[in-house]
Amino acid sequence: MGNIAIAIHGGAGTLMSGTIPAEIEKAYHDALSESLLSGYHVLSHGGTAIDAVETAVRLMEDCPLFNAGKGSVFNSDGINEMDAAIMNGMNLKAGAVAEVHIIRNPISAAKAVMNNSPHILLASAGAEKFAGEQGLDIVDTSYFYDEQRHKQWLLTKDKDSSWAGDEIALPSDIKGKKFGTVGAVALDSAGNLAAATSTGGINNKKFGRIGDSPIIGAGTYANNKTCAVSCTGEGEYFIRNVSAYDVSALIEYKGYSLVQATTEVIKKVAQLGGEGGLIAVDNHGTIVTPFNTSSMFRGWMDATGQKHIAIFR
Ligand code: ASP
């Protein structure tokens, strides 16, 4: 088996160890583990990095614990509005969808845009029409509803801030800012890299707001010459810094290691006042998961087959 590697995230946040009830922590642990193993299974059976990241992300989209697909946060109009992107490092092909409301798995729609259209990013009703034509699952908007998330939105909807609420499906008395976007990066046995990110965005975000996740180079990027990256956190800062591409550029043009490049990029997000993190894997199979918050739901596995799941620093 080649030098395979995969990392996933379920969002960064300011949770402190010991503040989450044990059963909720276990539920997140199990969900991350299932997603990680599903992606790893693809890689260890000779599958492609693109298929591995799509598989891992789809499972987290279907799980209401994460802010992507089912369980997405609500925007200021009280609806779920989702973004997703995928990129293949082998040929720099990419696809993304933004502001979608009825596509069950936005990551698969992003993949269809990449494979079956001449475009990179389709938004809103056009993206939904395309996904339907591609035979993807179209669902009623009520499919995405999660009671906990709706409660969190009700608590924050009259505040003039997108950041006011809890972003993952935790009881609202657990304090701290939590995001919950999902992502995956992988290296397959043929040496190809891929990245995928999917999100409901930010709780109480302004209608029509699009974050970093579906913006190639900001929240998602992959290039076989360097690395694959998926970001999470306050998307506006990752867009301003072109963060995911910046990691790749520091490696390609400055000869940085993956550790040096990602440390620098997270530092730049913090310098603008942003919070968040990223996962990345390079073409040697090195995996890093840096973040400037106190927590980031994450997991990773390399060719040794050893599984790692972590939430706190
Ligand atoms: N980066 C995402 C966004 O800004 C949010 C997140 O990572 O949770 O849409």
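Numbering of ligands and ligand atoms starts at 1, following listing order.
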Checklist entry - Going by the order shown, which atoms of ligand 1 are within less than 4.0 Å of some heavy atom of T232? => result 6 (C), 7 (O), 8 (O)

Checklist entry - Would you say the side chain of E275 lies within less than 4.5 Å of the side chain of Y237, judging by non-hydrogen atoms? => result no

Next on the checklist: Hydrogens and angles aside, do T220 and T197 bring a side-chain donor and acceptor to less than 3.5 Å of each other?
Outcome noted: yes

Checklist entry - Going by heavy atoms in the side chains, are K70 and D146 under 4.5 Å from each other? => result no

Next on the checklist: Counting the benzene-type ring for Trp, do H150 and F74 have ring centres under 6.0 Å apart?
Outcome noted: yes

Item to check | Backbone or side-chain N or O of E236 under 3.5 Å from ligand 1 N or O | outcome: no

Item to check | Those atoms of ligand 1 less than 4.0 Å from some heavy atom in G201 | outcome: 5 (C), 9 (O)

Checklist outcome for this item: Ranking G200, G233, G180 by closest non-hydrogen atom to atom 2 (C) of ligand 1, top hit is G233

Next on the checklist: Can you confirm, on distance only, whether ligand 1 has an N/O atom lying under 3.5 Å from any N/O atom belonging to D83?
Outcome noted: no

Checklist entry - Backbone or side chain, does any N or O of R209 fall under 3.5 Å from an N or O of ligand 1? => result yes

Next on the checklist: Is there a polar contact, in the sense of an N or O pair closer than 3.5 Å, between G235 and ligand 1?
Outcome noted: yes

Item to check | Test of proximity, N67 against ligand 1: N or O pairs below 3.5 Å | outcome: no

Item to check | salt bridge (charged side-chain N to carboxylate O under 4.0 Å, His left out) assessment of E236 paired with R209 | outcome: CA-CA 10 Å; E236 281 68 9; R209 178 263 190 192; 2.8 Å; yes

Item to check | Criterion side-chain contact (heavy atoms from CB on, under 4.5 Å) on I86 and M114, from CA distance to verdict | outcome: CA-CA 8 Å; I86 195 163; M114 174 175 78; 4.2 Å; yes

Checklist entry - When you check the gap from the basic side-chain N to the acidic O, do K111 and D51 get nearer than 4.0 Å? => result yes

Checklist entry - What part of M296 sits under 4.0 Å from ligand 1 if we count only heavy atoms: the side chain, the backbone, both or neither? => result neither

